[in-house]
There are 2 protein chains.
Amino acid sequence: MAEAGATPEGTEPAWRQRAVSRSLDSARSRAEKRAQRFLDAAFELMDEKGSTEFTIQEVIDRSGQSLRGFYQYFDGKDELLLALFEETVRESTDDIREVVDAETEPLARLHAYAIRLHEWCEPPDKPRKRGAHNRRPISEFMVQLAVNHPERVKGAMEPVSFLLLELVQDAARANLISVPDARRAAALVQQTVMYSWFGNRLIQNPRMRLSAEETWEFCLRGLRST
Amino acid sequence: MAEAGATPEGTEPAWRQRAVSRSLDSARSRAEKRAQRFLDAAFELMDEKGSTEFTIQEVIDRSGQSLRGFYQYFDGKDELLLALFEETVRESTDDIREVVDAETEPLARLHAYAIRLHEWCEPPDKPRKRGAHNRRPISEFMVQLAVNHPERVKGAMEPVSFLLLELVQDAARANLISVPDARRAAALVQQTVMYSWFGNRLIQNPRMRLSAEETWEFCLRGLRST
DNA sequence: TCGAGGCGGCAATGGTATTCTCCCAATTGG
DNA sequence: CCAATTGGGAGAATACCATTGCCGCCTCGA
């Protein structure tokens, strides 16, 4: 189980395909570079401002490209943000998989997954791994995205969801948890963990916040004999 | 426990206070009426369009009042939406409390709460109770609100949260669940239930959606011996 | 009756996304 | 090597909205 880069549907980033297919096939690599420049600029702005409220104009200026070009590669701002989101998920999937693969016991793997996913959105005070981005703004934007383009978000989350499904199935096979339907169980866990982070923003007093561990314990009990 | 209208901080709607305090005290009732007309118009538009993306202008036209007046009562569109949100929560609290009070057994009361809260956001195919509004757009907007004004959302949710806390405490006192900290447990339940609804929008296949009952069972197991 | 504040009507401003238009410069085919 | 085609830069023009400002009426209290 859990082979190296086992993304469900091929491994090519979805945004890349979309952006590139708009250009001629011969110019593919140049097109990718240009699209990438937009993405890089957007990531920078996002990291600096700590929010997704940069303007297209800023992205243009920063990337040293033209407005025209931007709309040639992206259908609009939402598409750009979706692309950022997809990139971030990809990054995170690798990160989570790494942590998970450090464990061998099925429950320990699930545990590692839950903790890491919960921390996924948090702004790490500790210096970020080189090249990793501040995920907070993206996570926040994700909920808006989930309202307006649920299918897209689901699609982008696929890698993370898929990994979790595997872990749940493994644990179930080992009789460590008893779930009648692995998919539903996985969905429940993913939701609980992710929105537990989101819900924390409604709680001022930091001591009242729900930690990753607490959330995990709650999930674990939920999984024992569904 | 669970006295009739036991809102934590007085029972006067918060938006009403805000809107009214902007006017002279003598003209209070007239001011309330005017503010209410704006709210009514906004509710209508929201119900019709199924979203909060109506324009201020539409609210003005529909309510037969002036732009000027609008900004006299509300600091901006966000305040209006917050007011709608608060009203809706109030409505729902009454509704939930009613269902809960039909039960006497602590766990049954908790169960009733969870189910009702989960359904809270769903667009009821069944004709709505007269005067009740389509809560979907509000619920959707709530997540945006939670990003931008977490404290306000928390404040508005207070009545619902408070009710849940009581129920959890009652159940704990009766030794039906064992939670070290009722507040945290309540928060966890509320989050799980509410976001379980929200998460469902990421699942196309209706048969894979998480039902209110499933979510409740998950919570219940989570509460048994924390 | 007079004056001031409440309020309707509406034009003006400001911030953004998105589209349009013009033009240059490089590539390419003859 | 030249001219046609086209990718792409600059940025003006549009389209929306929210929000503010300004003018003048009209009412209500003194």
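Values in this document were obtained by computation on a predicted structure and should not be read as measured data. Naming: A, B, ... by sequence-line order, numbering from 1 per chain.
Proximity of the aromatic rings of A:F141 and A:F85 is defined here by a centroid distance below 6.0 angstrom, and this criterion is not met.
Counting to the nearest Å, the P atom of D:dA15 and the CD atom of B:E53 are 20 Å from each other. Between the NZ atom of B:K77 and the C1' atom of D:dC17 there is a distance of 8 Å, rounded to whole Å. Protein atom CZ of A:F74 is 18 Å distant from nucleotide atom C1' of C:dT19, rounded to whole Å. Straight-line distance from the CD atom of B:Q57 to the P atom of D:dC16: 14 Å, rounded to whole Å. For the pair B:I56 CD1 and D:dT19 C1', the computed distance is 9 Å after rounding to whole Å. A straight line from CG of B:D75 to P of D:dA18 spans 15 Å, rounded to a whole angstrom. In this structure, the CG atom of B:L80 is 16 Å from the P atom of D:dC17, given to the nearest Å. Atom CG in B:L67 sits roughly 14 Å away from atom P in C:dC7 (whole-Å rounding).
The aromatic rings of A:F38 and A:Y73 sit tilted, their planes meeting at an angle between 30° and 60°.
In this structure, a donor-acceptor pair under 3.5 Å is absent between the side chains of B:E213 and B:H118.
Proximity of A:R34 to the phosphate of D:dG8: a side-chain N or O atom is located under 4.0 Å from OP1 or OP2. Within the structure, every side-chain polar atom (N or O) of A:Q72 is placed at least 4.0 Å from both OP1 and OP2 of D:dG7.
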>> Assess the residue pair A:E119 and A:R135 against the criterion (salt bridge (charged side-chain N to carboxylate O under 4.0 Å, His left out)); give the C-alpha distance rounded to whole Å, side-chain angles, the decisive distance to 0.1 Å, and a yes or no.
In response: CA-CA 10 Å; A:E119 287 166 352; A:R135 297 181 229 83; over 6 Å; no
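Positionally, the nearest nucleotide of DNA chain C for A:F54 lies more toward the 5' end than for the other of A:F54 and A:R68.
Checking D:dG8, D:dA18, C:dA17 against every side-chain atom of A:T55, the shortest atom distance belongs to C:dA17.
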